[in-house]
Amino acid sequence: MYAADDYECYGDQEAIVYLVSRGYDCAERIRDVVSTWKHAAQRSIEGCMREVRPLVVDSKTGTTEWGEVILPGKHYAEASDILDQSPFWLRDFWGGSDYQEFSIDATMLRTVEWCNIGGFDEWWLRLANEHYEAVTQGGIEPIPASFFLFNMCRSDYAIQLMRKAFNRMLEAIELSEPRQPYPWRRWTWGEDTPRAIDHFTYAASIVFANERLCPHHSDTELVDRALEALLKHQDTVGYWRCWADNPEPAMDTTAMVIHALAMKRPRGWELAASAARDWLWSVQDRSGCWVDSGCPDSVYLTVLVLDALELAGGGSRVTFGLAPSLVQKEVLPMHKIKALFLAANPADTQKLSLDKQIRAITEKIRATDYRDLLELVSVWAVRPDDLLQSLNEHRPHIVHFSGHGSQAGEILVVGDNDQSRPISTKAIKTLFKTLKDNIRVVILDACYSKSQAEAITEVVDCAIGMDDAVGEAAATIFTASFYRAIGFGRSVQEAFDQGIAALLLENIPEENVPKLLVKSGVDASQVFLIGGASQ
């Protein structure tokens, strides 16, 4: 963050993306980002209603005074309908320097994804429409498009939003120039003589985008030829140049090539990546960043390099989702699992910061090996019927109730007039008996809930309940640590034990409150939701 504060144009957002991906708490910074975006979007919308026009013309001197005027008939409600406004009239509320032209959109979408930012969806949908129209109607410049596509493919959210446009863009950059066998071999002019030169950033982008967009349907022969070219032309020191005839090493190209090699893992990639990793460490700036003229900005480059270093070492903690085959575990999960977070804070009960709890859980999940295989769904202000609706709709593997419990051992949901409505043990047991489906674990994160958790284990393998009153801090730290362990492929028993360890490490004297209960004949140390052979 120190480095991000010293560099211009959205470097802070790339830094936040990196820190959140590694499990750091950036809540305060994220709030600053949201506030900045809201003000910028407001200014952009208000600017759409105004136009600079001549206000006063002095016929004697020939001078004209200009000023902003409200456009006739232009109302705020109309201007704020983002999807109906052309980018010509309503400008995007973000922007960067010339160097950031092909990375800034990806930075915005990566920030949305990692920081869980909502409220700007119309802007992203308009951006998706804009890029689709550009690639289908206006044509693209292949080299800039390859760099843009690489950056966009480092955002899972961007791929989800614009996969159709990206597939068309990939098809376009895979077309070779006349009389050239491969698309990354481009015609250039030297001393008035055309020459065909390999562009290694282009080749790396083709490999990376194929793996991210269509890993099972890629042009295997073209990707293999690109990998061959990259491995063949690595300098003996470890770096890659951008162009084959360029004498200068390129940090961003080297980092991008590592991404491509780590995604496909051709024969010999480990040695190539190891040499590149050593070279990248050798050129780190004294500030701790990587600085190279021609890159969008130094923080962007630093995050790109740090991801490359992680990949070069065979690691998986990067700022985009890796395919399960690239996550180093002995046994890989076949299916995604879903955790259902049910929150209830009736009006007549003490206010709970349940939003902070789910944020902590989300951040811990995102810092795990299997983050893309663990989906967290939340339902708020839960009423009795919502329990039936949510379990039917989502069919989760983990059910997590967070809220209050009564001293009689009953969880409290929201009833009539937003007042507390207790759910009896008989009702909760019948609920899970009727709607067990995929459920393996139930967490009752509420005071005095142990008895209900015990009853649930008559039909569900594992349940966690509280043996006494539990504080907010203890509940948040315990459950966030539990999910983190699950996301790293740990068993339910190990995840529970790590939650207890987290309380002790934070010096919170409530380590005896959470209790793990199991169904008769079940060993919690052998129950793996992800990454293990569960019995």
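Heavy atoms only: backbone and side chains are in, while hydrogens, waters and symmetry mates are out.
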Of Arg154, Arg265, Lys264, which meets salt bridge (charged side-chain N to carboxylate O under 4.0 Å, His left out) against Glu211?
Lys264
According to the interplanar angle, ranging from 0 to 90°, do the rings of His199 and Tyr202 count as parallel (below 30°), tilted (30 to 60°) or perpendicular (above 60°)?
perpendicular
Less than 4.5 Å apart, side chain to side chain, heavy atoms only: is that true for Pro396 and Leu391?
yes
Could you check whether any side-chain heavy atom of Thr201 comes within less than 4.5 Å of a side-chain heavy atom of Asp252, counting everything from C-beta outward?
no
Can you confirm whether Arg490 is buried at CZ, in the sense that more than 12 heavy atoms of other residues, nucleotides or ligands lie under 6.0 Å from that atom?
no
Backbone of Pro178 reached by a side-chain donor or acceptor of Trp187 within 3.5 Å:
yes
SB check Asp156 Arg163 (cutoff 4.0 Å)
no
Looking at Arg91, I'd like to know if its CZ atom is crowded, meaning that more than 12 non-hydrogen atoms belonging to other residues, nucleotides or ligands lie closer than 6.0 Å.
no
Aromatic ring pairing Phe166/Phe148, orientation class (parallel under 30°, perpendicular over 60°, tilted between)
perpendicular
Are Phe208 and Phe320 an aromatic pair, judged by ring center distance below 6.0 Å?
yes
With no hydrogens and no angle check, just 3.5 Å: does a side-chain donor-acceptor pair link Asn151 and Ser103?
no
Checking Trp94 against Gln13: is there a side-chain donor and acceptor pair closer than 3.5 Å?
no
So, taking the atom named CE in Met251 and the one named CG in Leu301, what distance separates them when rounded to the nearest 0.5 Å?
6.5 Å
In plain terms, say whether Asp416 and Arg383 are close enough for a salt bridge, that is, a side-chain N and a carboxylate O under 4.0 Å apart.
no
Please work out whether the ring planes of His400 and Tyr483 are parallel, tilted or perpendicular, with thresholds of 30° and 60°.
parallel
Please identify each residue that fulfils salt bridge (charged side-chain N to carboxylate O under 4.0 Å, His left out) with Arg31, with sequence neighbours left out.
none
Out of the candidates Val414, Asp418, Val382, only one should pair with Pro346 under the side chain to side chain contact (heavy atoms under 4.5 Å, CB included) rule; please name it.
Val414
Test side chain to side chain donor-acceptor pair (under 3.5 Å) applied to Asp32 and Thr36, step by step:
CA-CA 6 Å; Asp32 291 341; Thr36 300; over 6 Å; no
Are Glu177 and Arg185 within salt-bridge range, i.e. N to O under 4.0 Å?
no
Enter the distance from Ile398:CD1 to Lys338:NZ here, rounded to the nearest 0.5 Å.
12.5 Å
